[in-house]
Undergrad: 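Here it is, the structure in full.
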Amino acid sequence: MAVKLRFVPAMHSLKSCSRMACVLTAFCAIICVSTCVNATSADSIAQSLAIEPCTNVTVFRVAPNQQWSYSQQEKVFAAQISPGATLCVDIAHPRKPPVSEVYAFPCTYAANEQWIFVEGSNELVGKLRSIEFPNLCLGLNILEIVVVDCVAAPTWTYSPTTKQLSMQGDQCLSISNHSSDGTPICSIGEFKSLPFCNRSLSPQFRAKDFVSRVLVDEFPGLISKNPSVPRLGLTGQARFGEALHGVMCGCGKTGANNPGSTGCPTSFPTGIAIGSSFNATLFHAIGSTIGTEALGLYHQGLSAVNLWTPDINLARDPRWGRASEVAGEDPTLMSTYVANFVAGLQGMPFTPPVSSSNHTTAGRNASGYYTRLVATPKHFFAYSLENSRSSNGTMVSRHNFDAIVSNKDLTEYYLVPWHAAVENGGCLSIMCSENAVNGVPACAHADMINDLLRKQWGFDGFVVSDCSSINDFCTATQRGWVGHGYDPDFAHAVRDGLRGGCDMNCGNVYHNSAVASLNQKLINTSDLVLAAERIMTQQFRLGLFEPPSLFPWSNLGADDVDTPESRQLALEAAQQSIVLLRNDKKVLPLAMPSGARQLLLLGPFLNASTEMLAAYHGDNQQVSFNTPLLALQRSAGSENVRVVQYPGGFANNVSADQYSSAIAAANSSDVDAVVLFVGQDVSIEHEMRDRPNTLMPGTQEAFIKAVLAVRPDAVVVIFNGGTISSDWIAKNAPTVLEAFYPGQMGGPAIASVLLV
């Protein structure tokens, strides 16, 4: 929507003003400034407008009046209005979310100290002083400000095509706005009579009609992350996000009917822990709760409606850095997990445990016209390596690794969960991985995507790349690492991605090179249309175009986030996930009679908090109140719990002298029971970091040996995602508890297992 503003001068009256100097802003508005005919110098123009020229700003002069620059000193964005005169734009957010107002104001009056991008809330936050020139307010609501990948730029520049401010490096600020009052697209006069707003038509037909109206130069924005066609009203509503074991975003408001809520998303145990419950109804309940919270947060301007979850790659190698994210290494268990997690997330009913004879389309057919969310299982396919050194010493990573897999292993192992995700779970999207399989990058694998997924299994959703997958088709990638060398350039990568069946690119290759690929006749317009129709079909099913009254889940909001029920489910999930590996001497449960009994807690994780949340978690305020130490103090009485802190971090090499006080305390006659909290956290096992081995990190094993030498009945509690191997502990520790990464209620869950 174009907004024309006449700036009323604060210092001088304008008597003879006829020219209009206009600038297209980053907020899809046109600022037009009346300038006096006799104002010939930049200073006189600025004075007549009561706008002083920005200082310390280098304007990037490529497309006059449409380029933006950034002042490191003033911390403001500047746009050239006319030769020698600039206008600065700042962002104010008196309430969040969303950002409520965008102000244009004289740069020299700015009082910004710094700009901070808040990952969880998708906000660009600047410290402001009061605006002295309210007549310069643009008054636009901003739906979203997100950091996305972009081509390197020498300074902050504005692209009128992408509506992005880009900076040097590979990050962009993508700023989008819907109608100022949040009016749904199909309630806007210019759109509501069009076929794509006719709800009597199928989502597929509505998508075809919408895409038929898209111009060629608009397709790159439609087949990229957070698809956008501002001319047709789509300006960032179809957001994408993460939710592996809880919604990955910031905290929202606290609901009036939800006393005690923090407004923060619930953090459940991580995938490997949830899988260890072997409970299909739990898988569904967690997926359903995450889906409810995701939409409740989305309606507050947080979270997303297209969620990249769950991770269903198989934990083939225990050293894999992402083993904590997945439900295990067994394809049958993973099939049951994905079918029910996806069904719960998308608002579909429970699916019975999956077996080789139980592949039905029940999940897909039960979803109806609308879906609560779009679940995107990841990463298709044969992916379980982050980085490793080959025998000749060269580094191999997921960006250039070619997995050579037999058809037998593909059929009987790697592809089994994917079949269940489509047939039983009814997933509406799938993410393809960054590795290659048998010489072809996974996202270019037409045999697997177009033939197997779509033709044989009936998958009717869209495929999105992992964020570097298309980039990795080339040898020299935009991000600096070595790729597969499958394509000579990014225009060819666009061709092989689209023709291979990958509809959307999370990264920026489609966005930046699709038109070049079309101009070079590597692709046809029909390739873009097919991909866009698949994407938009699911966005129509999300109800993004409709009045809220027509969408079954439109009432979800703050009252549905961090509820007593979600906290109870997080506790039960953690309890069911814990595995009692050994209890040879029947030490557990520890009886706590009415008389005082002293518990001694030792080890680097005795007061674990965010360590229990693992990777891909949202903001969480519950976990700090639910550490093992605090939970045991509540259960046993704080006066009955003693603590000796571990000297240094879990991965440090600690000498026996440094933990001698802990050994002395364990050997004390007034201590009735000793519990050691050991293991690792995601600082050593995570995306892009595999472990070199599976040993207990640091000198923790020596510490455990020293404690058990004086206290043979000590209980060992292990935190981890990937497997930890220790022959000595397996043979000599009589009581071992596997806690994994148990989520926000990990402490109370562990306490309930340890104590009667």
Side-chain angles (χ1 to χ4, degrees), residues 149 170 225 242 244 270-272 308-326 329 334 376-405 409-410 413-415 417-418 430-445 448-449 463-487 490 493 496-497 500-502 504-509 614-616 682-694 721-722:
D149 298 322
D170 63 352
K225 178 184 175 183
E242 304 279 1
L244 282 181
T270 193
I272 195 71
W308 294 335
T309 186
D311 187 340
I312 62 169
N313 298 111
L314 296 162
R316 177 191 60 83
D317 189 327
R319 299 168 298 177
W320 183 35
R322 304 184 76 170
S324 66
E325 298 179 19
V326 305
E329 75 281 5
M334 190 72 79
T376 305
K378 58 184 185 181
H379 313 78
F380 186 79
F381 60 115
Y383 161 51
S384 57
L385 178 143
E386 300 303 305
N387 50 57
S388 179
R389 291 203 177 275
S390 63
S391 57
N392 63 8
T394 59
M395 180 61 72
V396 177
S397 77
R398 67 188 193 183
H399 302 292
N400 52 40
F401 179 64
D402 183 15
I404 306 302
V405 188
D409 286 345
L410 283 174
Y413 188 69
Y414 288 102
L415 296 176
W418 296 101
I430 283 176
M431 175 179 281
C432 50
S433 58
E434 294 173 348
N435 60 285
V437 183
N438 298 332
V440 180
C443 290
H445 233 298
M448 304 303 294
I449 297 175
V463 174
V464 57
S465 76
D466 203 344
C467 294
S468 292
S469 297
I470 310 299
N471 183 49
D472 292 343
F473 287 7
C474 302
T475 300
T477 68
Q478 294 174 346
R479 295 189 171 186
W481 49 67
V482 176
H484 297 292
Y486 188 76
D487 281 316
F490 295 122
D496 289 334
C502 180
M504 175 182 285
N505 178 205
C506 165
N508 54 23
V509 177
Y616 283 95
V682 292
S683 65
I684 67 168
E685 55 167 349
H686 56 77
E687 186 172 1
M688 286 307 297
R689 179 168 181 174
D690 293 328
R691 291 180 296 157
N693 56 59
T694 60

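Please read all numbers here as calculations on a predicted model, not as lab measurements.
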Undergrad: So, do F380 and L415 sit near enough that their side-chain heavy atoms are less than 4.5 Å apart?
TA: yes
Undergrad: Tell me, do F401 and N387 make a side-chain contact under 4.5 Å, heavy atoms counted?
TA: no
Undergrad: Is it the case that R316 and Y413 place a side-chain donor and acceptor less than 3.5 Å from each other?
TA: no
Undergrad: Without swapping roles, check the side chain of S433 against the backbone of F381 for a donor-acceptor pair under 3.5 Å.
TA: yes
Undergrad: Minimum heavy-atom separation for E685 to G721, with atom names?
TA: OE2-N, 2.9 Å
Undergrad: Can you measure from NE2 (H445) to SG (C502) and round to the nearest 0.5 angstrom?
TA: 13.5 Å
Undergrad: Identify the two heavy atoms, one from V682 and one from H686, that lie closest to each other, and give their separation to 0.1 Å.
TA: O-CD2, 2.9 Å
Undergrad: Would you mind reporting whether I684 and R689 have side-chain heavy atoms less than 4.5 Å apart?
TA: yes
Undergrad: Which atoms form the tightest heavy-atom contact between D311 and R322, and what is the distance?
TA: OD2-NE, 4.1 Å
Undergrad: How long is the span from the CG atom in N438 to the CD1 atom in I404, to the nearest 0.5 Å?
TA: 5.0 Å
Undergrad: Distance-only, no hydrogens or angles: does the N435 side chain make a donor-acceptor pair with backbone N or O of A382 under 3.5 Å?
TA: yes
Undergrad: Considering non-hydrogen atoms only, spot the tightest contact between V326 and A315 and give its length.
TA: CG2-CB, 3.9 Å
Undergrad: Please check if the side chain of N313 supplies one atom and the backbone of H379 the other of a donor-acceptor pair under 3.5 Å.
TA: yes
Undergrad: Can you tell me how far apart OH (Y383) and CE (M431) are? Round to the nearest 0.5 Å.
TA: 10.5 Å
Undergrad: Mind checking whether L244 and T270 have side chains closer than 4.5 Å, heavy atoms only?
TA: no
Undergrad: How far does CD of E329 sit from CD1 of I272, to the nearest 0.5 angstrom?
TA: 7.0 Å
Undergrad: Of D496, N508, V509, which is the lone residue that meets side chain to side chain contact (heavy atoms under 4.5 Å, CB included) with I470?
TA: V509
Undergrad: Using only heavy-atom distances, determine whether the side chains of N505 and S465 contain a donor-acceptor pair under 3.5 Å.
TA: yes
Undergrad: Going from CG on N693 to CG on D690, what distance comes out if it is rounded to the nearest 0.5 angstrom?
TA: 12.0 Å
Undergrad: Could you report the tightest heavy-atom contact between G485 and T475, atom names first, then the distance?
TA: CA-OG1, 2.9 Å
Undergrad: Output the distance between atom CD1 (I430) and atom CH2 (W308), rounded to the nearest 0.5 Å.
TA: 15.0 Å
Undergrad: Looking at C506 and C467, is the distance between their SG atoms under 2.5 Å?
TA: yes
Undergrad: Do you know which two heavy atoms are closest between W418 and K378, and how far apart they sit?
TA: CH2-C, 3.4 Å
Undergrad: Who passes side-chain contact (heavy atoms from CB on, under 4.5 Å) against E434, sequence neighbours left out?
TA: R398, H399, D466, S468, S469, D472
Undergrad: Under 2.5 Å between the sulfurs of C443 and C432, yes or no?
TA: yes
